Amino acid sequence: KIDAAFKLMKSKIGKEERKVKRKQLEIDRVNSNVWCEVLEQSATDLSTLKRYKPKFAMFSPPYWKMRQYRNQGEIKYGQEPTLQQYLDNSKKIMKELMSIMDENGVIVIVIGEAYKGGYKSITSQYELMLLDCGLEILGVCEWVKLNPTPAVPKYFFRPANEKIFVCKMKGAEITFNPRMKPTKDGESSVKMCHSGENGNQRFFVEDNETIITNVITTAAFNHNEYKIYDPTFTHDAPCPMEIYDIFTSSYTQPGDTCIDIHCGSGQGLEVFARHGNNAIGVDIDPESVEFCKKRMSMVLEDATAADIEFKQAA
């Protein structure tokens with residue numbers, strides 16, 4: 001019917017317009033002038049960063065009872081005697097982050113179970129903590145690792161997944177430019193779907209690309225992502241750049257200010273900058289901070305990056 005054909009045409013035009021916008025967005029990212037700041041401090045007090053009002057935050061906090069990170073100060077975040085203390089400290093840090101975020105900000109957290117001493121339902125309780133903070137959870141992604149750690153819990157299978165919580169400030173109006181992937185056929189076409197209630201055949205426009213699912217599969221991490229900047233630097237478990245890349249590209253616009261409050265080896269900072277965003281890194285470990293400054297100086301001097309101003313922390 002004519003009306004059905006018209007709807008299909010509008011659908012195809014809409015898809016093409018979104019492609020044009022995505023291409024322009026990539027051009028704008030390359031041409032965006034950005035800056036970077038790295039600070040040696042605890043994430044329990046971010047008041048000095050309130051003037052920046054970050055639009056996007058992404059980080060992977062220390063997992064409970066997993067590793068003893070160096071130079072963790074008095075709190076020793078991640079090594080609390082009880083899970084409740086870990087959650088309480090996590091809530092303090094989250095509330096502090098929310099206090100400096102833009103009202104339309106997005107927060108992404110990568111976190112996993114520990115399985116030490118049995119299953120503790122850490123990610124489930126962490127999710128409840130996020131809701132208790134007043135965040136709106138847009139969804140939860142399952143991150144499946146191709147090369148999980150060799151440890152196997154007693155009486156259970158080898159863990160290979162972690163959770164990625166995607167949240168926004170309550171009532172926030174956000175932009176979403178989702179990561180796409182090629183469709184099975186790899187080309188645009190009109191296809192038949194299930195019949196309507198009256199028995200008439202229905203059709204839809206299948207594009208040559210579609211939005212990725214919320215199940216993300218990557219390698220756990222690649223030390224070469226940071227070793228190229230200083231082969232002597234070590235970090236126990238950096239979140240891979242590919243994970244940062246998916247969410248930064250989907251939830252930021254060129255020129256946004258982004259923050260990683262556990263920046264570690266600077267994976268997120270590099271991704272932020274390469275997507276045309278201002279980057280702020282916070283870490284309590286002076287070795288990590290020094291490395292991140294060195295890394296970002298090298299990244300932002302790269303001829304493939306935009307013109308950059310690197311701001312040393314006071």
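It should be emphasised that the depicted structure is a prediction, and the values quoted were computed from it without experimental measurement.
Atoms CD1 and CG, from I259 and L269 in turn, are 9.5 Å apart once rounded to the nearest 0.5 Å. Within the model, atoms SG of C167 and CE of M98 stand 9.0 Å from one another, a figure rounded to the nearest 0.5 Å. Summarising the geometry, atom CD1 belonging to I284 is positioned 9.5 Å from atom NZ belonging to K76; distances are rounded to the nearest 0.5 Å. To the nearest 0.5 angstrom, Y229 atom OH is 8.5 Å from M296 atom CE. Considering CD1 of I109 and CD1 of I137, their distance stands at 8.0 Å, rounded to 0.5 Å. Atom-to-atom distance recorded for L87:CG and L130:CG is 10.0 Å, nearest 0.5 angstrom.
For the salt bridge (Lys or Arg N to Asp or Glu O under 4.0 Å) test, no residue two or more places apart in sequence or in another chain qualifies with D236. Residues satisfying the salt bridge (Lys or Arg N to Asp or Glu O under 4.0 Å) criterion with D245, sequence neighbours excluded, are R179. Scored by the ring-ring contact (aromatic ring centres under 6.0 Å, His included) test, Y155 finds no partners at all (sequence neighbours excluded). Residues satisfying the ring-ring contact (aromatic ring centres under 6.0 Å, His included) test with Y126, not counting sequence neighbours, are none. By the salt bridge (Lys or Arg N to Asp or Glu O under 4.0 Å) test, E209 is found to be paired with R22, residues two or more places apart in sequence or in another chain being considered. Partners of N161 under the side-chain hydrogen bond (donor to acceptor under 3.5 Å, both in side chains) rule, at least two apart in sequence or in another chain, are E142.
For S249 (side chain) and I246 (main-chain N/O), a donor-acceptor pair under 3.5 Å exists by modelled atom type. A donor-acceptor contact shorter than 3.5 Å links the side chain of N147 to the backbone of A220. Judged by distance alone, with hydrogens and angles left aside, the side-chain atoms of D283 form a donor-acceptor pair with the main-chain N or O of G264 at under 3.5 Å. Judged purely by atom type and a 3.5 angstrom limit, E80 has no side-chain atom pairing as donor or acceptor with the backbone of W64. Put simply, the side chain of K227 gets close to the backbone of F233: a donor and an acceptor are under 3.5 Å apart. Between the N214 side chain and the V140 main chain, a donor and an acceptor come within less than 3.5 Å of each other. Checking side-chain atoms of K120 against main-chain N and O of G118 turns up a donor-acceptor pair under 3.5 Å. Between the side chain of S99 and the main chain of E96, a donor-acceptor pair closer than 3.5 Å is present. Judged by distance alone, the side chain of E225 and the main-chain N or O of M241 form a donor-acceptor pair under 3.5 Å. In this structure, the side chain of E127 does not engage the main chain of F165 through any donor-acceptor pair within 3.5 Å.
Among K168, M169, E173, the one residue that satisfies the side chain to side chain contact (heavy atoms under 4.5 Å, CB included) test with N104 is E173.
The hydrophobic cluster containing I212 also contains L138, counting ILVMFWY residues as joined when their side-chain heavy atoms lie under 4.5 angstrom apart, directly or transitively. Taking hydrophobic clusters as Ile, Leu, Val, Met, Phe, Trp and Tyr residues chained together by side-chain heavy-atom distances below 4.5 Å, F176 shares a cluster with V108. Both I228 and Y244 are assigned to one and the same hydrophobic cluster, defined by single-linkage of ILVMFWY side chains at heavy-atom distances under 4.5 Å. Following chains of ILVMFWY side-chain contacts shorter than 4.5 Å, one can reach L131 starting from L135, so the two form part of one hydrophobic cluster. Following chains of ILVMFWY side-chain contacts shorter than 4.5 Å, one cannot reach Y119 starting from V152, and the two form parts of different hydrophobic clusters.
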Exercise for the section: Verify ring-ring contact (aromatic ring centres under 6.0 Å, His included) between H262 and Y77, making sure each step is shown before the conclusion. Expected result: CA-CA 11 Å; H262 301 288; Y77 185 37; 5.8 Å; yes
Exercise for the section: For V106 and M58, run side-chain contact (heavy atoms from CB on, under 4.5 Å): C-alpha distance rounded to whole Å, both residues' side-chain angles, the deciding distance at 0.1 Å, then the answer. Expected result: CA-CA 8 Å; V106 172; M58 184 169 178; over 6 Å; no
Practice task
Apply side-chain contact (heavy atoms from CB on, under 4.5 Å) to K181 and T210, showing your working.
Solution key: CA-CA 5 Å; K181 67 174 184 178; T210 186; 3.9 Å; yes
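Between the side chains of T123 and E113, at least one donor-acceptor pair of N or O atoms lies under 3.5 Å. When only modelled atom types and interatomic distance are considered, Q85 and N89 share no side-chain donor-acceptor pair under 3.5 Å. For the residue pair N278 / Y52, no side-chain donor-acceptor distance below 3.5 Å is found, with atom types taken as modelled.
Ring geometry, F156 versus Y115: the interplanar angle falls under 30°, so the pair is classed parallel (tilted spans 30 to 60°). Ring geometry for F221 versus H223: interplanar angle over 60°, hence perpendicular rather than tilted (30 to 60°).
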